[in-house]
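So you know, we letter chains A, B, ... as the sequences are listed, proteins then strands, and number each from 1.
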Number of protein chains: 2
Amino acid sequence: MYRTHNCGALRLDDVGESVILSGWVQRIRDKGFVLWIDLRDRYGITQLVVDKARTADGLLKQVRALGREYVIQVRGEVVERVSKNERLLSGEIEVLVRELHVLNPALTPPFTLEDETDGGEELRMKHRYLDIRRNCIKNNLLLRAQAAQAARSYLTSRDFVEIETPYLIRSTPEGARDFVVPSRVSSGEFYALPQSPQMHKQLLMVAGMDRYFQFVRCFRDEDLRADRQPEFTQIDCEMSFGHRADLLAVFEGLTRHLLREVAGVSVGAFPRMTYDEAIEKYGSDKPDIRFGMAFGELNDLAQGKGFQVFDSQELVVGIAVPGAAAHSRKQIDALTRWVRRPQIGAQGLVWVKCDKGRDFKSSVTQFFSPETLHKWAERLRAKPGDLLLVLSGEAAATRRQLGALRLELGKRLDLRKPGVFAPLWVTDFPLLEWDAQEKCYQAVHHPFTAPVETDMPRLDSEPQKVRANAYDLVLNGNEIGSGSIRISDPALQARIFELLGFSQAAAKAQFGFLLNAFAYGAPPHGGIAFGFDRLVALLGGGESIRDFIAFPKNNAGRDLVIDAPAEIDAAQLDELHLKTSE
Amino acid sequence: MYRTHNCGALRLDDVGESVILSGWVQRIRDKGFVLWIDLRDRYGITQLVVDKARTADGLLKQVRALGREYVIQVRGEVVERVSKNERLLSGEIEVLVRELHVLNPALTPPFTLEDETDGGEELRMKHRYLDIRRNCIKNNLLLRAQAAQAARSYLTSRDFVEIETPYLIRSTPEGARDFVVPSRVSSGEFYALPQSPQMHKQLLMVAGMDRYFQFVRCFRDEDLRADRQPEFTQIDCEMSFGHRADLLAVFEGLTRHLLREVAGVSVGAFPRMTYDEAIEKYGSDKPDIRFGMAFGELNDLAQGKGFQVFDSQELVVGIAVPGAAAHSRKQIDALTRWVRRPQIGAQGLVWVKCDKGRDFKSSVTQFFSPETLHKWAERLRAKPGDLLLVLSGEAAATRRQLGALRLELGKRLDLRKPGVFAPLWVTDFPLLEWDAQEKCYQAVHHPFTAPVETDMPRLDSEPQKVRANAYDLVLNGNEIGSGSIRISDPALQARIFELLGFSQAAAKAQFGFLLNAFAYGAPPHGGIAFGFDRLVALLGGGESIRDFIAFPKNNAGRDLVIDAPAEIDAAQLDELHLKTSE
């Protein structure tokens, strides 16, 4: 027997017990006459002790020969500690070692296996099996498993059935780039790895499965940005015979359940906001509403007063930064430089300091009367001590710039608190956007998204104004879920394909199997997909999704542990009827 | 609201309620003055009724215009049925329809959507979304989800953590053929899809995760045999700090839990049998022990009696077929032809009919005395009325042939009963087998399997006799799980690689990352992988795993619903730096 207990199990009640423990040597402290070993496993740390008074000399020597991360097994007796460690579950006891056996020696790790490590990310990714030994990463993986379990239990209790859909499917040129898998049996043909099980889950609705979910890996061969992975996990859900309100209630319930069970936070009904409102108030379709600083539009108060910068622009819009009137000129200049960086692209920044007096300090005092500036402050719901920041320009771009500035200030002012969770639904996205290059509309969500019922008449007259019956679940400024009611009417689907510039033949070639299926009786249905990696990272209060994936890939899409991708044998290529083209 | 209840929910208690139901039209019966609709969804069937006395004429006309599989919504009132249907959960009531709304019309399905269907497999696979509407397939998918849930709950309660390992990994020439995924970013390089997460789960043990499991898709590009899928699902498990007995106890417990929760069957402790014993007694390493007919070796009783067919052979071995002495000469001739077919390859079949009298009828009476034949019967534990069947030849081949005959007779005599579950462990497989072509040993299991402790000394002297510390879980003649204790000692691992003909450089190139990881302190560990598709098919009493997979591929590896694999755009190939070689 390798152990009678794990390293997190022993308590004061066990004093006097003879036990066997196995684990890794976290740390050894040698006081000469007494040595302590912190023995670690997944469950905790138990202190082992050997000393001159109670232990055979040979054993002390054995302990001195151990290194960090050696895998050892000990037999001994549980004794009460003199100085207890309240931070450890087993901190009230220690094990007086009688026998010690090295199960495996260990090289010294290339970085310290502590919460605060000295290892750079590259080094830690290469030795991920060591990084996972660190409490913080280990706990992230445990939290992830717990979240998956909580989600499964919630969905199962609501009649959702987990069904596995295939990973070897067919490539569709729509959306992002597919990873493909050459077929050996069918020369010249390829499978594709799914970007999502979208079509299969809709087939399951046609099949009458009513409520489906799946924890599913998805694959996108995109140029990687920070914190994107070529393979990622979704909680994919779909349900039949529900209107949007029914769906949102279920998926909001799921999210609330996860917040409660995993993050220990109770959250009330999620606010709902249309896409238009989110853009107008926060300059983003995934606003972080943990803090205010909602936008106020100032066109009527700021234009026609002789300030040419504003007069010629489509939009003048501002925010009130709480308590920031005390910002120095230097700080404000830094903000101005920040918004002018090419990543943001604003021309400049107008500021107004709202103090208690009548005359606000401002960069535009010469153009605007004190009364006008007071009206600005009123519009932006500013309090004395706030700093107004105002941008102007083309409406969409300016909102985006101010949205970025708002988030940056939220961060600097410490308003984006990790322990606070502010979810909301953003609904009614545009259905289509005009693609000037291809001279056709593109689906903003995907081609199976239904329009908002009341917008149907506009499909012919002004398609770009039609709203989608789509919804995103946003948490702390991150889109964590995205879904829609699907089109279940074949005639409407045909019309949408037409707007998207698909010929009938092209639509048939690409989506024929789905349209065929729909002809055999499709129920009304809709669904959502949660980005599980991001969701878990948020629940765990983490910054990077990589810290919540057991074996993540780096920004170049490489797995540094196993060094993949890699070359393959020429024989393998031959069997696949392929040649590399250099 | 599309429905107040699903189609399996209403009971006698609900009589008088006003309800809304949605679903598919399973069947319409038109008696002229009254029409019944069977309305179906995932949860059941509810009978709808319209009649001349209680229903408006327009509604009767509407119902007559419906076709099979139309998706409809009705509003009506729950009434008690005159003639109740006990086979339906909602069979005591019906819904008197007040309002009917067609949600979607449906083409007539190309095959009947009943348990007994008229559709061939090809047609049903092409329209899988219709096949799933059939109760039997739908119930298989529900059973699969239930089994997954039961397994997760069992493993989680025993401290196993579900951890997702990557799907885009690195190709290893070991074992079966990999599916590969060309990398666009790293020209000329490929990912591979995992045949199993073997190495990642061992890394997780090195990482200290202690107990891991995962429901995971695995991929093998093999030439397909019947009932093999290029992608399949495993319950993959691994645990640290356990001896073989500890592991078998946990995984036996899991299997027993599934048998009880999913198949409703209680099974006692699983018998254990060594590989050698399984081969000697049943001619198979995955014996079906739902029935007897264990082998008896007759060399000492059958050789040297002048029957040359036996005298020259390595092995004479037989079985007693219960109650088959009544077989006609014609039936026995058919069995003889059966064993002589090239798939079996026996030379002939010796038979002895054990009646109550002294003189057994036999095909070899002229060579063997009645006393000798009685001794054969005794050796084979035959009872009066049994038929002895005896084969001879080279030992391994003859055992295989007799094993096949035993299974065939078990089937013909109806001894392989679907409701009966007879699990067992088969242990102590050979570690290595000699590959005469490559002039080196091959790992029978995989290169990380540990030898049986007591066989270690033989590694140098007679490696082919070393037994592996490996175990298969066998259920009703199917291997449903396969696992082993892994090598955690780097020196032993190096020695095994040597026997497998790997140079140090080759071992390093292929498995270097694992060997590196082991150098940092590997715990003793082992695990198992269950073939979930097969396991679920057995639990559900099914014949084909395809009936338990939502979207299976056919024997040519094609998905007939979406028609994959398929050609991809030339532009896609270019981006991947690939050319097809014809």
Any donor-acceptor pair under 3.5 Å from [X] side chain to [Y] backbone:
{"X": "A:Arg217", "Y": "B:Thr165", "answer": "yes"}
{"X": "B:Arg170", "Y": "A:Asp563", "answer": "yes"}
{"X": "A:Trp24", "Y": "B:Gly521", "answer": "yes"}
{"X": "B:Arg144", "Y": "A:Ile163", "answer": "no"}
{"X": "A:Glu231", "Y": "B:Tyr167", "answer": "yes"}
{"X": "B:Arg133", "Y": "A:Val206", "answer": "yes"}
{"X": "B:Asp210", "Y": "A:Arg42", "answer": "no"}

Among [options], which residue forms the greatest number of heavy-atom pairs with chain B at distances under 4.5 Å?
{"options": "A:Thr108, A:Asp223, A:Asn516, A:Leu141", "answer": "A:Asp223"}
{"options": "A:Val25, A:Val71, A:Asp41, A:Leu107", "answer": "A:Leu107"}
{"options": "A:Arg40, A:Arg152, A:Arg128, A:Glu69", "answer": "A:Arg152"}
{"options": "A:Ala517, A:Ser186, A:Ala556", "answer": "A:Ala517"}
{"options": "A:Met199, A:Arg211, A:Arg68, A:Gln73", "answer": "A:Arg211"}
{"options": "A:Pro109, A:Ser171, A:Pro524, A:Ala571", "answer": "A:Pro524"}

Are [X] and [Y] packed together at the side-chain level, in the sense that at least one heavy-atom pair is separated by less than 4.5 angstrom?
{"X": "A:Tyr520", "Y": "B:Pro105", "answer": "no"}
{"X": "A:Leu204", "Y": "B:Tyr129", "answer": "no"}
{"X": "B:Pro182", "Y": "A:Val180", "answer": "yes"}

[atom1] of [X] to [atom2] of [Y]: how many Å apart, nearest 0.5 Å?
{"X": "B:Met209", "Y": "A:Ile137", "atom1": "CE", "atom2": "CD1", "result": "11.0 Å"}
{"X": "A:Thr580", "Y": "B:Phe190", "atom1": "OG1", "atom2": "CZ", "result": "7.0 Å"}
{"X": "B:Asp178", "Y": "A:Ile568", "atom1": "CG", "atom2": "CD1", "result": "9.0 Å"}
{"X": "A:Tyr43", "Y": "B:Asp159", "atom1": "OH", "atom2": "CG", "result": "4.0 Å"}
{"X": "A:Arg558", "Y": "B:Leu168", "atom1": "CZ", "atom2": "CG", "result": "12.5 Å"}
{"X": "B:Phe179", "Y": "A:Tyr191", "atom1": "CZ", "atom2": "OH", "result": "5.0 Å"}

Is it the backbone or the side chain of [X] that comes under 4.5 Å from a heavy atom of chain A, or both, or neither?
{"X": "B:His127", "value": "side chain"}
{"X": "B:Ser488", "value": "both"}
{"X": "B:Leu103", "value": "side chain"}
{"X": "B:Ile562", "value": "both"}
{"X": "B:Val185", "value": "side chain"}
{"X": "B:Ser22", "value": "both"}
{"X": "B:Met1", "value": "backbone"}
{"X": "B:Gln146", "value": "neither"}
{"X": "B:Phe532", "value": "side chain"}
{"X": "B:Leu576", "value": "side chain"}
{"X": "B:Asp559", "value": "side chain"}
{"X": "B:Pro166", "value": "both"}
{"X": "B:Leu573", "value": "side chain"}
{"X": "B:Lys553", "value": "side chain"}

Which region of [X], side chain (C-beta onward) or backbone (N, CA, C, O), has a non-hydrogen atom less than 4.5 Å from a non-hydrogen atom of chain B, or is it both or neither?
{"X": "A:Phe219", "value": "side chain"}
{"X": "A:Leu130", "value": "side chain"}
{"X": "A:Leu514", "value": "neither"}

Among [options], residue most engaged with chain A (heavy-atom pairs, under 4.5 Å):
{"options": "B:Thr233, B:Asp574, B:Asp489", "answer": "B:Thr233"}
{"options": "B:Asp246, B:Asn6, B:Val181", "answer": "B:Val181"}
{"options": "B:Ala519, B:Ala145, B:Ser240, B:Ser183", "answer": "B:Ala519"}
{"options": "B:Met205, B:Gln572, B:Gln229", "answer": "B:Gln572"}
{"options": "B:Glu164, B:Arg134, B:Lys138, B:Lys126", "answer": "B:Glu164"}
{"options": "B:Ala245, B:Gly242, B:Pro552", "answer": "B:Gly242"}

Any chance you could lay out the salt bridge (Lys or Arg N to Asp or Glu O under 4.0 Å) test for A:Glu222 and B:Arg184, step after step, and finish with the verdict?
-> CA-CA 9 Å; A:Glu222 289 177 294; B:Arg184 177 178 55 86; over 6 Å; no
Specify the closest pair of heavy atoms between A:Val561 and B:Phe513, including all atoms of both residues, with the distance to one decimal.
->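 Answer, listing the atom of A:Val561 first, then B:Phe513: O-CB, 3.1 Å.
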Do you know the tightest heavy-atom contact between A:Ala522 and B:Asn104?
->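 Closest heavy-atom pair between A:Ala522 and B:Asn104: O-ND2, 2.8 Å.
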Check side chain to side chain contact (heavy atoms under 4.5 Å, CB included) between B:Gln149 and all other residues, then give those that pass, not counting sequence neighbours.
->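 B:Gln149: side chain to side chain contact (heavy atoms under 4.5 Å, CB included) contacts with A:Thr156.
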